[in-house]
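In this text the structure is predicted, and so the values were computed from the model without any measurement. In what follows, chains carry the letters A, B, and so on, assigned in the order in which the sequence lines appear, proteins first and then strands, with residues in each chain numbered from 1.
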Amino acid sequence: MHNKPLSKIADDLVTKRVSSVELTQYYLDRVAQHQHLNAFITVDPEFSLAQAREADRRIQQGDVATLTGVPIAHKDIFCTKGMLTTCGSRILSNFVSPYDATVIDRLNQNGAVILGKTNMDEFAMGSSNETSYYGAVKNPWDHATVPGGSSGGSAAAVAARIAPAATGTDTGGSIRQPAAFCGITGFKPSYGQVSRYGMIAFASSLDQGGPITRSAADAALLLNVIAGFDARDSTSVQQPTPDFAAGLDGDIQGLRIGLPAQFFGEGLDNSVERVVRAALGEYEKLGATLIDIDLPNSALCVPCYYVLAPSEASSNLARYDGVRYGHRASDYGDLIDMYMKTRAEGFGGEVRRRIMIGTYALSAGYYDAYYLKAQQLRRLIAQDFEQAFEKCDVIMGPTTPTTAFAIGAKSDDPIAMYLNDIYTISVNLAGLPGISIPAGWDDAGKPVGLQIIGQYFDDAHVLNVAHRLQTATDWHQRAPVGAE
Amino acid sequence: MNWEPVIGLEVHVQLLTRSKIFSGASTAFGADANTQACAVDIALPGVLPVMNEQAARMAVKFGLAVDAKINRRSVFARKNYFYPDLPKGYQISQYELPIVGEGHLTIDTDDGEKTIGITRAHLEEDAGKSLHEDFHGTTGIDLNRAGTPLIEIVSEPDMRSAQEAVAYLKKLHTLVRYLEICDGNMQEGSFRCDANVSVRPLGQRKLGTRAELKNINSFRFIERAIEYEIERQIDILEDGGTVVQETRLYDPDKGETRPMRTKEEAHDYRYFPDPDLPPLELDEPFIEEVRRTLPELPDAKQQRFVAEYALSHEDATQLTASRDLADYFEAAAGATKGDAKNVANWIVGELSAYLNKENKEINESPVNAKQLALLIDRIHDNTISGKIAKEVFEAMWNGEGNADEIIADKGLKQITDSDAIEAIIDEVLARSAAQIEQYKSGQTKVFGYFVGQVMKATQGKANPQQVNEILKRKLDV
Amino acid sequence: MALDHHTVKNIARLARLQIDESNIDRYVSELSRILDFVEQMNQVDTAGVAPLAHPQGGRLRLREDVVTETDQREAFQKVAPEKEAGLYLVPKVIE
C-alpha cells in the first residue's frame, strides 16, 4: 500500500478498494510505529479521521477531486485551523491557528486529509532539523544522521513511507536538501507559484512552498492542488496554472543540460560527484546533451543569502512579542522586559543568531554595506542564470556537496552548516523552480540527490525532465530498511 | 536679539476608504475593541498584506490637488520598531520613494499670500490604540485602528509663526475634505498633526535645533503648543542654553509641552523595502482617471465666487471653507431672484450664527438652500423687511414652515400701500407736536422717533423705505 | 567586521532579545565570524548594479476597496496571553 504512487492511491479510493478512514488509520498506525524518527510535532487522529469520514462521504456521493481522501503530512509552518501550528518554535508552542493557510485550504477543498504536522528547523532556519524546539529528526536511512532541513520531518516521513506525500517550504534549499538526504523527490516551485498566505514567513522574498514526495509524478499531482494564483498573496503570480501532470511524459530528446562549473568544484564530495555524473549519463542515454556553463557569482550566493534572509527574518519575527498570541515569559517587570524575556525564552539559539545578524545588517550605517550590497549581488546571480539559459534548457548538478551527516556534526559551526545549501540557495535568490530527485547512493550507502533547475515558471518542464529519469531508473522506488 | 521661529508640519490624514489599506477589515470608527481587527491587522503568523486601490487613488488625488509630482513608481518599506499597538513589529510605510513628491499650498497671512512647500506625501498604515485607563496597572490594546490608511503630508520648514502654521493646517484641512479623502474629524484622530519647531536669530540661515511636538488634536491647541514651544526655546537660548532635539507632548490642561518618556532611546528604524509588496506602479490612465474626479478646489472656487457673484474676498473665503457650505451658497444664490451678495450675508451672518450656536454642520441645517432663497425673495419683492425676515428665519429654523407660510400665519406681510402708510404717519405726526418742533429747530436725531412710532403702530410691517420717504417729504416742507 | 560588546548589546536591545552578560563573548565571536563570512560579497564589484528586492520583479496588484472580513475577536483572542474586555493587556506603557 505505502509504496503505491499517489495516483494509484487516489484511484483505489475512488474505486472504493479502500476507504479514506482505512487508509488514514493505516498511515496513523505507521506514524505511531515510527515515532522514534520524531518526524511529527502534532498528530491528531480524531481530527484526521473526521476528515477521512468526510472524504468517504464525498466519494460515496461521487464528489471526487484529485486527492480526495488521501492523507497528506504538512510541515508545521503551514497554519492549520483548530490544530497546533508551532513552526518548530517554543514561541508558538501553544499556538492553535484560528485560520487555514491557502495551501491547506486548497487541499481541504479537494478533500485531502491532514495526517499531521511535521517537525522542522525552528522557523525553517536550519539544514539539519536540529534547531527544532521539538528535538532532532532522524534520517530513516541511518538514524545517526540528520534528515536535512528545514523540512526534515516531511522528508523523513515520506522516505519512511509513513506519509504518502507531504508539503514543505524552501527558502534556501529546505525542500531539496532534505529530499536529497532522504532519497526522495522535493520540488521548489517558481517564486509566486504557490501561495505564501498562511505559510509562516522566514524570508518573504525567498520562501516558497512545494511538494515532498516519492516521485516527480506525485509532486505534479500535489502541485496541481496547491499551486495557483491567490488574491491574498501580493507576490502570487496571476496567470493560468498549467496541469503539471499533463506533460510529464514529454520527450526530452535533444534536451540541453547545463552543468555549471561552480557546482562541480572544490567542496564537492567525490562519491557524490561520481553518483551525479552517472545519473547525468542516464540523461544522455535519453537523448539529452550536456553543456558546460558558468554561473560566476553563484559561489557568493551563501554570503548574499546570509544577509538577505536574516534581514527579512529579523523583521518577520518581530510580531512574536507575547502580546496577542504565543509564548509570554511568566516573570517580567515593565513592557520592554516582557518583550526581551519573552523573545529570549521563545526563540532558540540559531533563530536568535539570525535575528541579531539581520538587525545589524539593516541598522543605520550598515545598510548599504550589507543589505544593499547583497541585493545588488542578488541581481548579478539572477542575471547569471538568465545568461546560462541562453545556452541550455535546464541546469543540473548535485543538490548538496555531501550526503547526510551525523547528528551533532555541524550544530556548533553555523558556517559549515550554511555551506550545505551552496548549490540550492542561488535558485531561491533568482526565484527559479528546482527539484531534487534520487540519483543513487554514495559509498556509505546514503542517498544522493540530483538537482534540476528550470527557467522561471517553467515548472512543468522541470517535472517532466525529472519524471523521464524516474521512468528510466528505479532509484526513487527504493525505501530505507524498515520502511519497505 | 530678534528670533525667527521656523516651523514645519507633518500631518497624518486618515483616508476615507471602506476597508483598511492592506486588509479587508472595516475602517468604521467606534466599534467594540478589536472587533474590526482581522487576521492581517493583528499580524497572525503567516498573513500577508494586499494593497487597497482606493487608498492609492486618494493619495494621487491629494497629490494632484497640491500640484505635486506623482511618482509613477513608489515603494513600500518596513519601519521596524517594537510597540504594543504595532502588531507586526513594523509599520508598512513609504520611505525612499513616496507616492507623492514635491508640491505646494498657498495660505493667507497678514502680509498677503504665502506659498508653503510640500516635501512629500506618503502612504502608510495607522497603528492601533493603547488605552491607558487602568486595567490593574496594565495598558489595554485595541487594534481596530491598526491598518487604517493614512497619508503623511510633510511640509517644508516654511512657516514663521504659529498663526502661519494654523493657516496652513486649516487650508490642508479644507482641502482634504473638498477632495473627500478624509472626514477631517480631529477629535476622532482622522486628521492629526506633528509640528517641528525651532528658532534662530533673525537673518541667520542655518536652522536651529528642533523639537517635535506630537499628536496635537485641535487648531487651538496647535497654535498654543507652537507658541509655548517658541517661547520656551527663546528663553533657553537667551539664557545661554541649548535646545535639545527631542519629541515633546503638549499638555492642553497645563498649556505647556513636556518631553515624551517612551521615545527616550535613539531610534533605528531599519527601513527596507517590504518583500511582501512589489513596487506600486501607476500608469497614465490611472492618474488621468483620478484627475477627472478632482472637484473645483477651494482657491479656484473662492476666486470664481468673487468674480461671478461680486462677493468680497472675505465672504468668498468663508463660503468656500467647506464644499458643503459653498454648494449651499450656490444653490441658494441660484434659486433666489435676489442679490447673491444678500445670500452671502445671510449665510455668513444669521445662518452661521444659528449653526454655531447649535454646533451643527451646514448639511444638518433645518433651513435648506431653497428655503433660504425663498426668504430672500420675499425681502427682494418687498413682502417683508430685512428685520422681519430675521423673525421669519427664526420660525423657519424652528420648523414652523416655509417663509410664505410663516409670513401669512403671523401676518407679517409688509405694508407697501403708500396711502395706508401716509395715513398712519399723519396720525403719528398729529400727536407729536413737541417732537416736530424739535426737528424743525435742527434736532434731526428725532427723525428716528417718528420712524419708531410708525413701526410700532404697524408692528414693524411698514416698508421702511417708504416710511422714510413720506416722513421726509412731510417734515421737510 | 569584528563586533564589540557594546554593539552586540545594542543589537540585542533593538531586536528585543535579552542576553546574559556571560553570553556576550560568545555572541561577539559568533556574529563576528558570520559577518566576516558574508563580507566575501565584497569580492564582487557591484557599483551601479540596481538592487533586486523581488525575484523576477512584478508590480503591485491592487485590491478593490470592499470590506470582506467579519468580527473574529473571540476566535483570535482564544490564544491571547492576557486579555480583558476585548483588549490585549500589556505592562503599563508610559508616554
(message) Evaluate A/Y306 against A/I425 for side-chain contact (heavy atoms from CB on, under 4.5 Å), listing each step before the verdict.
(response) CA-CA 10 Å; A/Y306 277 94; A/I425 277 176; 4.2 Å; yes
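In terms of heavy-atom pairs under 4.5 Å with chain A, the best-connected choice from C/K83, C/Q72, C/E82, C/H54 is C/E82. Ranked by heavy-atom pairs under 4.5 Å with chain C, the list A/A374, A/P414, A/G192, A/S363 is led by A/A374. Ranked by heavy-atom pairs under 4.5 Å with chain A, the list C/A80, C/P51, C/A75 is led by C/P51. Of all the listed residues (A/S97, A/S234, A/G326), the one sharing the greatest number of non-hydrogen pairs under 4.5 Å with chain C is A/S234. For the set A/F347, A/F95, A/Y456, the entry with the most heavy-atom pairs within less than 4.5 Å of chain C is A/Y456. For the set C/L89, C/I34, C/V8, C/T7, the entry with the most heavy-atom pairs within less than 4.5 Å of chain A is C/I34. Annotation: maximal heavy-atom pairing with chain A below 4.5 Å, among C/N10, C/V90, C/L17, C/V44, occurs at C/L17.
For A/R378, the parts lying near chain C are the backbone and the side chain together; criterion is any non-hydrogen pair under 4.5 Å. Proximity to chain C involves both the backbone and the side chain of A/M356, based on heavy atoms less than 4.5 angstrom apart. Interface remark: A/Y191 contributes side-chain atoms only to the contact with chain C (heavy atom separation under 4.5 Å). In this structure, the portions of A/V302 lying under 4.5 Å from any heavy atom of chain C include both its backbone and its side chain. Only the side chain of A/L300 comes within contact range of chain C, with heavy atoms under 4.5 Å apart. Heavy atoms closer than 4.5 Å to chain A are found in both the backbone and the side chain of C/Q40. Neither the backbone nor the side chain of A/Y99 comes within less than 4.5 Å of any heavy atom in chain C. Neither the backbone nor the side chain of A/L92 comes within contact range of chain C; no heavy atoms are under 4.5 Å apart. For C/N42, the parts sitting under 4.5 Å from any heavy atom of chain A are the backbone and the side chain alike. Neither the backbone nor the side chain of A/Y305 has a heavy atom closer than 4.5 Å to any heavy atom of chain C. With a threshold of 4.5 angstrom between heavy atoms, A/E345 does not approach chain C through any atom at all. Of the atoms belonging to A/A318, not a single heavy atom falls under 4.5 Å from chain C. With a threshold of 4.5 angstrom between heavy atoms, A/S314 does not approach chain C through any atom at all.
With salt bridges taken as basic N to acidic carboxylate O contacts below 4.0 Å, one links A/R354 and A/E350. Under 4.0 Å is where a charged nitrogen must lie from a carboxylate oxygen, and between A/D413 and C/R33 at least one such pair does.
Taken to the nearest 0.5 Å, the CG atom of A/N420 stands 13.0 Å off from the CD1 atom of A/I415. Taking CD1 of A/I357 as the start and OH of C/Y27 as the end, the distance is 11.0 Å to the nearest 0.5 Å. For the atom pair CG (A/D321) and CG (A/L335), the distance works out to 8.5 Å, reported to the nearest 0.5 Å.
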Anything under 3.5 Å between a donor and an acceptor, one on a side chain of residues 57-66 of chain C, the other on a protein residue two or more places apart or in another chain? List them.
| unit_1 | atom_1 | unit_2 | atom_2 | d |
| --- | --- | --- | --- | --- |
| C/R59 | NH2 | B/E281 | O | 3.2 |
| C/R61 | NH1 | A/A231 | O | 3.4 |
| C/R61 | NH2 | A/D233 | O | 2.6 |
| C/R63 | NE | B/V50 | O | 3.2 |
| C/R63 | NH1 | B/S19 | OG | 3.1 |
| C/R63 | NH1 | B/S23 | O | 3.4 |
| C/R63 | NH2 | B/K20 | O | 2.5 |
| C/R63 | NH2 | B/S23 | O | 2.9 |
| C/D65 | OD1 | B/R18 | N | 3.3 |
| C/D65 | OD1 | B/S19 | N | 2.8 |
| C/D65 | OD1 | B/S19 | OG | 2.6 |
| C/D65 | OD1 | B/N52 | ND2 | 2.9 |
| C/D65 | OD2 | B/R18 | N | 2.9 |

Donor-acceptor pairs under 3.5 angstrom involving side-chain atoms of residues 380-387 of chain A: please list them, not counting sequence neighbours.
| unit_1 | atom_1 | unit_2 | atom_2 | d |
| --- | --- | --- | --- | --- |
| A/D384 | OD1 | A/N297 | ND2 | 3.4 |
| A/D384 | OD2 | A/N297 | N | 2.7 |
| A/D384 | OD2 | A/N297 | ND2 | 3.2 |

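Between A/Y418 and C/F37, the ring-plane angle classifies as tilted under the 30° and 60° cut-offs.
Between A/Y320 and A/F123, the ring center distance clears the sub-6.0 Å criterion. Ring centroid separation for the pair A/Y360 and A/Y370 comes in under the 6.0 Å cut-off.
Considering all non-hydrogen atoms of both residues, A/E122 and A/G348 come closest at OE1-N, 2.9 Å.
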